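Sequential numbering from 1 along the given sequence is applied to the chain's residues. Keep in mind that what you see is a predicted model, and the values were worked out from it rather than measured.
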Amino acid sequence: MKRSGKRLLLALAVLCTTPALAQEKIESLSRGGKVRVGGFGAPTIKFTTFDDQMGVLLGGYAGVMLNSRLMLGAGAYGLVNNIEAPRQDPAGPALYWNMWYTGFVPEYTIRGNKLVHLAVGALVGGGGVMKNERYKSWDEFESIGYSSFFVGEPHVNLELNITSYLRLGIGGSYRFVRGSGTEGITDEKLSGPSAHFTIKAGRF
């Protein structure tokens, strides 16, 4: 009877420990407590729609990269080409649109060790739009009809590893703008798709 009891206890112990032994290792960002910290900067040029015209945005983003996958950083962009705003006074000077925005940028790189790979992310923040005259000195510069707005811009990149510290990427994004109040333009005309080219340099 004692032997039967011992065998029963042994069988129960085996049944209890088997699931724990068979359980797969849980993947985590820390990889067993060690986090590889890197970072990069990514100057970017974007070709987008603005007030139903072609707009060019210059800027970029940068941040800290964890385990060659997750980047946490910030970005900023500004409109650099001349897009004339509607004239309220035909006899007045020509006014041109000016827009900028900035925000927090998380980005996740998918299989970055491969020669060609993907990265997906977004910018979430705010910016401003206004009208101004070109070719004025700084002491005469004046922004007309300034208003601020919220912006959200998800993006996807197709990237090519040039070296271990340099990557080239092309991709697309869509800019969602809400809350602007400048006369002569709407949230819908400030929003729109973008095609972009970027260079990433850093420790991946």
>> Any non-hydrogen side-chain atom of T49 less than 4.5 Å from a side-chain atom of P193?
In response: yes

> Which value, rounded to the nearest 0.5 Å, describes the distance between N82 atom CG and W97 atom CH2?
Replying inline: 14.0 Å

> Taking only residues two or more places apart in sequence, or in another chain, which ones meet S191 in a side chain to side chain donor-acceptor pair (under 3.5 Å)?
Replying inline: none

>> Quiz question: by atom type and distance under 3.5 Å, do the side chains of E153 and Y77 form a donor-acceptor pair?
In response: no

> Got a sec, which pairs hit side chain to side chain donor-acceptor pair (under 3.5 Å) with one end in residues 118-129, sequence neighbours left out?
Replying inline: none

> Atom OG1 in T109, atom CG in N67: separation rounded to 0.5 Å?
Replying inline: 12.0 Å

> Rest of the hydrophobic cluster containing L95 (Ile/Leu/Val/Met/Phe/Trp/Tyr, side-chain heavy atoms under 4.5 Å)?
Replying inline: I144

> If you group Ile, Leu, Val, Met, Phe, Trp and Tyr by side-chain heavy-atom gaps below 4.5 Å, do L79 and I45 land in one group?
Replying inline: no

>> Which Ile, Leu, Val, Met, Phe, Trp or Tyr residues join Y174 in one cluster when any pair of side-chain heavy atoms under 4.5 Å counts as a link?
In response: F176

>> Tell me whether the count of non-hydrogen atoms from other residues, nucleotides or ligands lying under 6.0 Å of CG in L158 goes above 12.
In response: yes

Would you give me the side-chain donor-acceptor pairs under 3.5 Å for residues 52-66, sequence neighbours excluded?
unit_1: Y61; atom_1: OH; unit_2: E107; atom_2: OE2; d: 2.7
unit_1: Y61; atom_1: OH; unit_2: N157; atom_2: ND2; d: 3.3

> According to the ring-ring contact (aromatic ring centres under 6.0 Å, His included) rule, which pairs have a member within residues 179-204, sequence neighbours left out?
Replying inline: F40-F204

> Minimum heavy-atom separation for T182 to S147, with atom names?
Replying inline: OG1-OG, 2.7 Å

>> Is there a side chain to side chain contact (heavy atoms under 4.5 Å, CB included) between V129 and F149? Walk through the geometry before answering.
In response: CA-CA 8 Å; V129 60; F149 56 74; 4.1 Å; yes

> Do I170 and F47 belong to the same hydrophobic cluster, where Ile, Leu, Val, Met, Phe, Trp and Tyr are linked whenever their side-chain heavy atoms lie under 4.5 Å apart, directly or via other members?
Replying inline: yes

> Can you tell me how far CD1 of I83 sits from CG of N81, rounded to the nearest 0.5 angstrom?
Replying inline: 4.5 Å

> Side-chain donor-acceptor pair under 3.5 Å between R167 and N161, yes or no?
Replying inline: yes

> Taking only residues two or more places apart in sequence, or in another chain, which ones meet S180 in a side chain to side chain donor-acceptor pair (under 3.5 Å)?
Replying inline: D187

>> Does anything in residues 71-88 form a salt bridge (Lys or Arg N to Asp or Glu O under 4.0 Å)? List the pairs, not counting sequence neighbours.
In response: E84-R87

>> Per the salt bridge (Lys or Arg N to Asp or Glu O under 4.0 Å) rule, what does the pair list look like for residues 119-129, sequence neighbours excluded?
In response: none

>> Using modelled atom types and a 3.5 Å cut-off, is there a donor and acceptor pairing between side-chain atoms of T44 and backbone atoms of T198?
In response: no

> Side-chain contact, heavy-atom cut-off 4.5 Å: R175 with S194?
Replying inline: yes

For residues 114-128, dump all side-chain donor-acceptor pairs below 3.5 Å to protein atoms at least two apart in sequence or in another chain.
unit_1: H117; atom_1: ND1; unit_2: K114; atom_2: O; d: 3.1
unit_1: H117; atom_1: NE2; unit_2: E159; atom_2: OE1; d: 3.0

>> Could you check whether any side-chain heavy atom of Y108 comes within less than 4.5 Å of a side-chain heavy atom of P106, counting everything from C-beta outward?
In response: no

> Would I162 and Y165 show up in the same hydrophobic cluster when neighbours are defined by side-chain heavy atoms closer than 4.5 Å?
Replying inline: yes

> Which other residues belong to the hydrophobic cluster containing W100, where Ile, Leu, Val, Met, Phe, Trp and Tyr are joined when side-chain heavy atoms lie under 4.5 Å apart, directly or via other members?
Replying inline: M130, Y146

> Side-chain heavy atoms under 4.5 angstrom apart, residues restricted to Ile, Leu, Val, Met, Phe, Trp, Tyr: same cluster for F50 and V80?
Replying inline: no

>> Assess the residue pair R36 and R203 against the criterion (side chain to side chain contact (heavy atoms under 4.5 Å, CB included)); give the C-alpha distance rounded to whole Å, side-chain angles, the decisive distance to 0.1 Å, and a yes or no.
In response: CA-CA 10 Å; R36 184 178 185 275; R203 182 174 183 264; 3.8 Å; yes

>> Which residues pass the side chain to side chain donor-acceptor pair (under 3.5 Å) test with S148, not counting sequence neighbours?
In response: none

